[in-house]
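Notes for the one structure printed next.
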Amino acid sequence: MCLIIIEEAEQNIKDSISQQVGKTVTFKIVQDVPKYEDTYKDIVFKVTDTMSKGLKFVDNSVEVKTKTGQDISDTPLSKGTDYSVTGPTVDNQSGKSTIVFDFSQNKTSGGTYFYAKVKNADQVIITYRATLTKDANFTVNGNLNEAYPTFGNDPNDTTDGKKDMAKVFSGGLKLTKKDADATKALTGAEFTVYTDKECTQEAKLVTYEVNSDGAITEEVNENLSATATVDKNGVVRFDGLGAGTYYIKETKAPSGYIKLKNPIKVEVTVNLPESITTGDETATFSYKISGNGISEGTTTVNNGIAEFDVRNTQGFTLPTTGGMGTYLFTIGGVVLIALAAVLLLVRSRKKAK
């Protein structure tokens, strides 16, 4: 057998498994079609899919096709005519959501005849999309999605097939703002994360509320944001980074300190488990962080979250355009020009005499 792999396509698959919060992931379920004789009136054939709390089903994203041999049908099956979808049904305790794709047949009660639409195929291929939400697990444990079939020729006596699993992983950043010697934490700094070098495309991530004491709480901001302010300990946290490159720009410096000139570059690499068979598999996150205020070799990774210091040097900030400082500079300039004019006039009069 000769196998040729397009690396770009393979990388796209890896990047989709390690995803940024707020983005959608496409899942594909390939299920063998059980074979039953036409004499059976009632046939159970359905596929149940359960996603963890951090994955949200995208409405109207389901597409179902059949595959016979190597040929996949050009026309998708029609929901309600060729199969049915129930859910997503959300469990109040775990937050997990369950979707059931049903291809069953129930001739006894004059119900569904879905099985007749797929019985001559070898497999059904189900694809749908889900969004990674702010409730996701942003650690090495990831967010589990599992599916299994149920089949039988008696609705009261069915068999569940083996579960198949997939996971979506996403990491995070925890930075601490410090002085040039890294001996004191600084407050008042603000950071924004971007996905492009020019810092025009904000990365919508999970940020945390800061209480009246200036401490980060476990309450997540309701809307995804790219901007967050450090707490009283100089700490700020961004969750939901997938594989790729990000740029952190200091949008506000601590009082009395110089704002970083250039963005901090963050390169995220995720080494995935070879397979997901038990649901306990974890990923390995690697971060390469460089730029202003970053000391080489000081980044640590704790449970998929990169922790590092960002240092500032003391100094002052020039007045902003249109502020009081601008008026002072303008007035000073006018005074100097006036003095220069007076001196020229006096000199010219002396020469005339």
Side-chain angles (χ1 to χ4, degrees), residues 18-23 54 131-139 169-179 182 184-268 285 287-295 298-313 317:
S18 173
Q19 188 63 272
Q20 182 184 325
V21 66
K23 302 294 184 179
T131 303
L132 189 67
T133 72
K134 64 181 180 64
D135 296 319
N137 186 332
F138 302 113
T139 70
F169 297 91
S170 195
L173 303 172
K174 179 182 178 181
L175 63 88
T176 304
K177 193 66 176 174
K178 292 187 177 181
D179 61 3
K184 181 175 71 173
L186 305 176
T187 61
E190 180 184 84
F191 294 92
T192 302
V193 183
Y194 298 87
T195 57
D196 64 319
K197 187 177 181 180
E198 294 72 27
C199 294
T200 60
Q201 304 294 323
E202 294 187 4
K204 299 300 183 183
L205 302 171
V206 175
T207 58
Y208 294 85
E209 300 285 355
V210 177
N211 63 24
S212 58
D213 294 328
I216 288 179
T217 70
E218 290 303 316
E219 293 296 323
V220 177
N221 284 320
E222 197 61 32
N223 298 314
L224 298 181
S225 175
T227 302
T229 303
V230 301
D231 68 359
K232 66 178 182 179
N233 299 311
V235 177
V236 68
R237 173 82 173 263
F238 294 98
D239 278 349
L241 282 80
T245 303
Y246 300 83
Y247 298 88
I248 306 174
K249 186 176 181 179
E250 186 175 30
T251 46
K252 181 180 178 182
S255 178
Y257 287 80
I258 301 173
K259 187 165 59 177
L260 298 181
K261 182 179 179 181
N262 298 312
I264 299 166
K265 184 178 181 181
V266 178
E267 298 172 83
V268 186
F285 286 78
Y287 296 85
K288 182 179 179 181
I289 301 174
S290 59
N292 298 94
I294 302 297
S295 297
T298 58
T299 300
T300 59
V301 181
N302 182 17
N303 199 20
I305 307 298
E307 300 180 4
F308 58 99
D309 295 342
V310 178
R311 303 181 186 184
N312 279 71
T313 56
T317 304

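Of the N and O atoms on the side chains of D239 and Y208, at least one donor lies less than 3.5 Å from an acceptor on the other residue.
If you take CD1 on I264 and OH on Y247, they are separated by 13.0 Å, rounding to the nearest 0.5 Å. A distance of 12.0 Å separates CD1 of I289 from OG of S295, quoted to the nearest 0.5 Å. To the nearest 0.5 Å, atom NZ of residue K134 and atom OG1 of residue T207 are 11.0 Å apart. In this structure, the separation between CZ on F308 and CG on L173 is 5.0 Å, given to the nearest 0.5 Å. In this structure, CD1 in I258 is found 10.5 Å from CD in E250, a value given to the nearest 0.5 Å. Rounding to the nearest 0.5 Å places OG1 of T195 at 7.0 Å from CD of Q20.
Contacts of S255 classified as side-chain hydrogen bond (donor to acceptor under 3.5 Å, both in side chains), with partners at least two apart in sequence or in another chain: none. By the side-chain hydrogen bond (donor to acceptor under 3.5 Å, both in side chains) test, T131 pairs with no residue at all, sequence neighbours left out. Partners of K178 according to the side-chain hydrogen bond (donor to acceptor under 3.5 Å, both in side chains) rule, which considers only residues two or more places apart in sequence or in another chain, are D309.
When side chains are defined from C-beta on, F169 counts as touching F285, because their heavy atoms get closer than 4.5 Å. Between L241 and F138 there is no side-chain heavy-atom pair separated by less than 4.5 Å. For the pair V235 and V230, the minimum side-chain heavy-atom distance is 4.5 Å or more. Between S290 and K265 the shortest side-chain heavy-atom distance falls below 4.5 Å. V21 has its side chain within reach of L224: a pair of non-hydrogen atoms, C-beta onward, lies under 4.5 Å apart. Counting heavy atoms from C-beta outward, F191 and T227 have side chains that stay 4.5 Å or more apart.
Salt-bridge annotation for E202 and K204: present, with a side-chain N of the basic residue lying under 4.0 Å from a carboxylate O of the acidic one.
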Under the side-chain contact (heavy atoms from CB on, under 4.5 Å) rule, what do V301 and Y287 come out as? Steps first, then yes or no, please.
-> CA-CA 8 Å; V301 181; Y287 296 85; 3.7 Å; yes
